[in-house]
Chemist: 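My structure is below; once you've seen it, I'll send some questions.
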Amino acid sequence: MGVKAVGAEFGVRRLHGGTLGDVRLVFGEALTEGGDRLPFKIVIKHQRKFDRHNDAGSWRREYDLHDAGFAGIFTGSPRWPDVYRAELGDGEWRIWMEHVEGVTGRALTDGMYVRAAEGLGRFQGRLYAERPDVLGRIGNLSGVDAMEAYYRHYKSWARVHDYVRSDACGIPRHLCGMIADADEGADGVWARLRRLPTVLCHRDFWIANIIVTDGSVVLIDWDTAGWGYLGEDLVSLIADEADVDGMVTHYRECVPAYLRGFAEHADAPPAAELLVRERIILHYGYRLVEWYLDADSDEGRRLQVDTLQKVYEMA
């Protein structure tokens with residue numbers, strides 16, 4: 001607004017999320033030189049250094065994206081929040097950013113899922129076609145094979161790998177078979193995916209990081225962003241702590257919507273070539289087994305089984 005503030009009355013509230021960082025909302029009224037009181041809301045994210053498996057630069061990625069001029073990459077929807085100030089210290093950073101009001105999480109409607117998917121496809125298609133200069137200035141991005149490395153890391157864990165193949169497994173056999181069959185075909189899946197366009201992925205594109213407003217879709221938490229194969233972000237949108245009852249609908253509607261968006265700027269392959277269902281099984285199959293084993297109630301275990309069943313029904 002260009003108005004100088006001489007003081008403020010404010011409160012602070014910790015926001016949801018921020019698993020690895022401290023995210024707080026600062027809200028109140030700014031006092032101007034002219035005596036006016038202007039309401040404001042600002043989000044402050046404070047991140048200390050941490051180690052993420054196979055992605056050492058993840059802890060400072062959001063700061064590096066801002067520093068490279070990432071804001072200039074967006075031309076509309078989707079976008080990331082406006083950044084007002086950023087500071088990098090020794091093993092930590094802080095960013096002051098826009099507080100976005102909108103619909104997020106389980107409140108997202110089926111139409112909002114489709115809107116987010118199509119907007120993401122349009123965004124990735126434009127970057128793929130135009131290759132803006134800012135992409136060359138961003139050195140800190142996760143690698144193109146991060147999803148494959150994540151899968152192989154989970155597959156090597158005997159606790160989940162052996163459980164789905166054991167007589168003691170409490171998960172229905174057809175779902176265990178789905179996971180085991182995916183293992184058998186995994187090498188072929190990754191080989192086919194390598195023929196797809198490589199695009200800039202959010203890599204944590206799930207409902208808690210998507211905020212739908214009247215004017216745009218805003219994406220937060222870019223700390224895992226990097227290069228990936230076309231369609232990768234749909235895996236999280238459809239299956240990460242998802243609305244289980246809507247999973248099959250979201251799968252059937254979001255994949256073509258995403259490709260429609262991408263096709264506005266670049267040639268898009270047929271939906272079947274994205275192998276979204278196969279990637280969901282490889283990326284979340286063993287993870288859901290882990291959550292099943294760690295659940296402390298029948299309801300918690302049933303949720304993981306129901307999620308796997310929905311993936312099974314996508315065939």
Chemist: Going by the ring-ring contact (aromatic ring centres under 6.0 Å, His included) test, which pairs reach into residues 161-184, not counting sequence neighbours?
Modeler: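 Qualifying pairs: His174-Tyr312.
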
Chemist: Can you find a pair of side-chain heavy atoms, one from Lys4 and one from Thr32, that are under 4.5 Å apart?
Modeler: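 Side-chain contact under 4.5 Å: no.
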
Chemist: Please check if the side chain of Gln124 supplies one atom and the backbone of Leu200 the other of a donor-acceptor pair under 3.5 Å.
Modeler: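 The answer is yes, because a donor-acceptor pair under 3.5 Å joins these two groups.
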
Chemist: Quick check on the hydrophobic clustering: are Val217 and Leu259 connected, directly or via other members, by side-chain heavy-atom contacts under 4.5 Å?
Modeler: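 Yes; Leu259 is reachable from Val217 via cluster members.
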
Chemist: Go through the structure and list residues passing ring pair (Phe, Tyr, Trp, His ring centres under 6.0 Å) with Phe262, not counting sequence neighbours.
Modeler: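 Partners of Phe262 by the ring pair (Phe, Tyr, Trp, His ring centres under 6.0 Å) criterion, ordered by chain and then number, come out as Tyr128.
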
Chemist: When you measure from the side chain of Asn140 to the backbone N and O of Asp64, does any donor-acceptor pair fall under 3.5 Å?
Modeler: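 No: the side chain of Asn140 does not pair with the backbone of Asp64.
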
Chemist: So, taking the atom named CE in Met247 and the one named CG in Leu237, what distance separates them when rounded to the nearest 0.5 Å?
Modeler: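 CG of Leu237 is found 10.5 Å from CE of Met247.
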
Chemist: Any salt bridge between Glu313 and Arg277, counting N to O under 4.0 Å?
Modeler: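 Salt bridge between Glu313 and Arg277, a charged N being under 4.0 Å from a carboxylate O: no.
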
Chemist: For Tyr113, give me all partners under ring pair (Phe, Tyr, Trp, His ring centres under 6.0 Å), at least two apart in sequence or on another chain.
Modeler: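 Ring pair (Phe, Tyr, Trp, His ring centres under 6.0 Å) list for Tyr113, sorted by chain: His250.
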
Chemist: Is a side-chain N or O of Thr213 found less than 3.5 angstrom from the main chain of Gly215, in a donor-acceptor match?
Modeler: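 Answer holds: yes.
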
Chemist: I want to check something: taking the side chain as every heavy atom from C-beta on, are Leu308 and Ile179 in contact at a cut-off of under 4.5 Å?
Modeler: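 SC-SC contact between Leu308 and Ile179 confirmed.
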
Chemist: Check whether any side-chain heavy atom of Trp291 sits under 4.5 Å from a side-chain heavy atom of Leu293, and report yes or no.
Modeler: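 The answer is no; the side chains never approach within 4.5 Å.
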
Chemist: With a 4.0 Å cut-off on N to O distance, would you call Glu118 and Arg122 a salt bridge?
Modeler: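 The answer is yes: the pair qualifies as a salt bridge.
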
Chemist: Is there side-chain contact between Tyr284 and Arg279, with at least one heavy-atom pair below 4.5 Å?
Modeler: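 Contact flag for Tyr284/Arg279 side chains = no.
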
Chemist: Which distance, rounded to the nearest 0.5 Å, do you find between the CD1 of Ile42 and the NE2 of His99?
Modeler: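 The distance works out to 11.5 Å.
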
Chemist: Grouping I, L, V, M, F, W and Y whenever their side-chain heavy atoms are under 4.5 Å apart, do Leu303 and Tyr251 come out in a common cluster?
Modeler: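 No, Leu303 does not connect to Tyr251 through the hydrophobic network.
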
Chemist: A side-chain contact here means heavy atoms from C-beta on lying under 4.5 Å apart; do Phe205 and Leu219 qualify?
Modeler: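 Phe205 vs Leu219: side chains touch.
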
Chemist: Rounded to the nearest 0.5 Å, how far apart are CG of Leu108 and CD1 of Ile210?
Modeler: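 The CD1 atom of Ile210 is 6.5 Å from CG of Leu108, to the nearest 0.5 Å.
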
Chemist: Calculate, to the nearest 0.5 Å, the distance between atoms CD and NE2 belonging to Glu232 and His202 respectively.
Modeler: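 Glu232 CD to His202 NE2: 12.0 Å, rounded to 0.5 Å.
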
Chemist: Establish whether Tyr84 and Leu25 are linked, either directly or via other cluster members, by ILVMFWY side-chain heavy-atom contacts under 4.5 Å.
Modeler: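 Looking at the clustering, Leu25 is in a separate group from Tyr84.
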
Chemist: Please report the interatomic distance CD1(Ile238) to OG1(Thr249), rounded to the nearest 0.5 Å.
Modeler: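 If we round to the nearest 0.5 Å, Ile238:CD1 and Thr249:OG1 are 11.0 Å apart.
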
Chemist: Side chains of Arg203 and Ser142: donor-acceptor distance under 3.5 Å anywhere?
Modeler: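 A pair is found: one side chain offers a donor N or O, the other an acceptor, under 3.5 Å apart.
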
Chemist: Can you establish whether the number of heavy atoms outside Asp267 located under 6.0 Å from its atom CG is more than 12?
Modeler: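 No, CG of Asp267 has 12 or fewer neighbouring heavy atoms, counting only those of other groups under 6.0 Å.
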
Chemist: When you check the gap from the basic side-chain N to the acidic O, do Asp90 and Lys49 get nearer than 4.0 Å?
Modeler: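 So Asp90 does not pair with Lys49 through a salt bridge.
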
Chemist: Name each donor-acceptor pair under 3.5 Å that joins a side chain in residues 181-193 to protein atoms two or more places apart or in another chain, with its distance.
Modeler:
from, atom 1, to, atom 2, distance (Å)
Asp183, OD1, Tyr151, OH, 2.6
Asp183, OD2, Arg165, NH2, 2.7
Asp183, OD2, Tyr286, OH, 2.3
Asp187, OD1, Arg152, NH2, 2.8

Chemist: Out of curiosity, Glu278 CD to Met178 CE, how far, rounded to the nearest 0.5 Å?
Modeler: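 Output value for this atom pair is 11.0 Å.
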
Chemist: Check Ile171 against Cys176 and note the closest heavy-atom contact, atom names and distance.
Modeler: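 Closest heavy-atom pair between Ile171 and Cys176: O-SG, 3.6 Å.
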
Chemist: Any luck finding a side-chain donor-acceptor pair between Tyr63 and Glu87 under 3.5 Å?
Modeler: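 Their side chains do not contain a donor-acceptor pair, so the 3.5 Å distance test is not met.
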
Chemist: Without hydrogens or angle criteria, can the side chains of Arg52 and Ser58 be said to hold a donor-acceptor pair below 3.5 Å?
Modeler: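 Yes, because at least one side-chain N or O of Arg52 sits under 3.5 Å from a partner of the opposite role on Ser58.
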
Chemist: Between Arg173 and Asp167, is there a side-chain N and carboxylate O pair less than 4.0 Å apart?
Modeler: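 A salt bridge is absent here (no side-chain N lies under 4.0 Å from a carboxylate O).
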
Chemist: Could you tell me whether Arg48 atom CZ has more than 12 heavy atoms of other residues or ligands within 6.0 Å of it?
Modeler: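 Incorrect, the count does not exceed 12.
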
Chemist: Search all heavy atoms of Glu62 against all heavy atoms of Asp221 and return the closest pair with its distance.
Modeler: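 That closest heavy-atom pairing would be OE2-CA, 3.6 Å.
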
Chemist: Is any side-chain heavy atom of Arg131 closer than 4.5 Å to a side-chain heavy atom of Leu127?
Modeler: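 No, every pair of side-chain atoms sits at 4.5 Å or beyond.
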
Chemist: Applying salt bridge (Lys or Arg N to Asp or Glu O under 4.0 Å), run through Lys41 and Glu101 and close with a yes or a no.
Modeler: CA-CA 10 Å; Lys41 291 182 179 179; Glu101 306 269 5; 2.9 Å; yes

Chemist: Asp22 and Gln47: side-chain donor and acceptor closer than 3.5 Å?
Modeler: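 No, no side-chain donor-acceptor pair sits under 3.5 Å.
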
Chemist: Parallel under 30°, tilted from 30 to 60°, perpendicular over 60°: which one fits the rings of Phe70 and Phe74?
Modeler: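 The arrangement is perpendicular - the two ring planes meet at more than 60°.
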
Chemist: Going by an N to O cut-off under 4.0 Å, is there a salt bridge joining Arg194 and Glu148?
Modeler: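 Looking at Arg194 and Glu148, the cut-off is met.
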
Chemist: Does some side-chain heavy atom of Val43 sit less than 4.5 Å from a side-chain heavy atom of Glu98?
Modeler: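 No, side chains not in contact.
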
Chemist: Any side-chain heavy atom of Glu290 within less than 4.5 Å of one from Trp157?
Modeler: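 Yes, side chains in contact.
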
Chemist: If you take all heavy atoms of Leu196 and Leu230, which pair is closest and at what distance?
Modeler: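 Scanning both residues completely, I find the closest heavy atoms to be CD1-O, 3.7 Å.
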
Chemist: If you compare all heavy atoms of Pro78 against all heavy atoms of Gly119, which two are closest, and at what distance to 0.1 Å?
Modeler: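 Minimum heavy-atom contact is CD-O, 3.2 Å.
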
Chemist: Between Arg37 and Glu9, is the closest basic N to carboxylate O distance under 4.0 Å?
Modeler: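 So Glu9 pairs with Arg37 through a salt bridge.
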
Chemist: Decide side chain to side chain contact (heavy atoms under 4.5 Å, CB included) for Tyr229 and Val199; before the verdict, give the C-alpha distance in whole Å, the side-chain angles of both, and the deciding distance to 0.1 Å.
Modeler: CA-CA 6 Å; Tyr229 302 113; Val199 295; over 6 Å; no

Chemist: Same cluster or not: Ile44 versus Ile95, using hydrophobic residues (I, L, V, M, F, W, Y) connected whenever any side-chain heavy atoms lie under 4.5 Å apart?
Modeler: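 Different clusters.
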
Chemist: Specify the closest pair of heavy atoms between Asp233 and Cys201, including all atoms of both residues, with the distance to one decimal.
Modeler: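 Result for this residue pair: OD2-CA, 3.4 Å.
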
Chemist: Just to verify, what does His153 make a ring pair (Phe, Tyr, Trp, His ring centres under 6.0 Å) with, not counting sequence neighbours?
Modeler: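 His53.
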
Chemist: Could you tell me which non-hydrogen atom of Tyr258 sits nearest to which non-hydrogen atom of Gly231, and how far apart they are?
Modeler: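 Smallest heavy-atom distance, with atoms named: OH-N, 3.0 Å.
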
Chemist: Is there a donor-acceptor pair closer than 3.5 Å between any side-chain N or O of Thr104 and the backbone N or O of Ile207?
Modeler: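 Yes, because the side chain of Thr104 sits within donor-acceptor range (under 3.5 Å) of the backbone of Ile207.
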
Chemist: What residue pairs, at least two apart or across chains, pass ring-ring contact (aromatic ring centres under 6.0 Å, His included) with a residue in residues 20-52?
Modeler: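 Not a single pair qualifies under ring-ring contact (aromatic ring centres under 6.0 Å, His included).
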
Chemist: Below 30° counts as parallel, above 60° as perpendicular, anything between as tilted: where do the rings of His66 and Trp80 land?
Modeler: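 Ring orientation of His66 relative to Trp80: tilted.
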
Chemist: Can you hop from Met97 to Val26 via hydrophobic side chains spaced under 4.5 Å?
Modeler: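 Not linked; separate clusters.
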
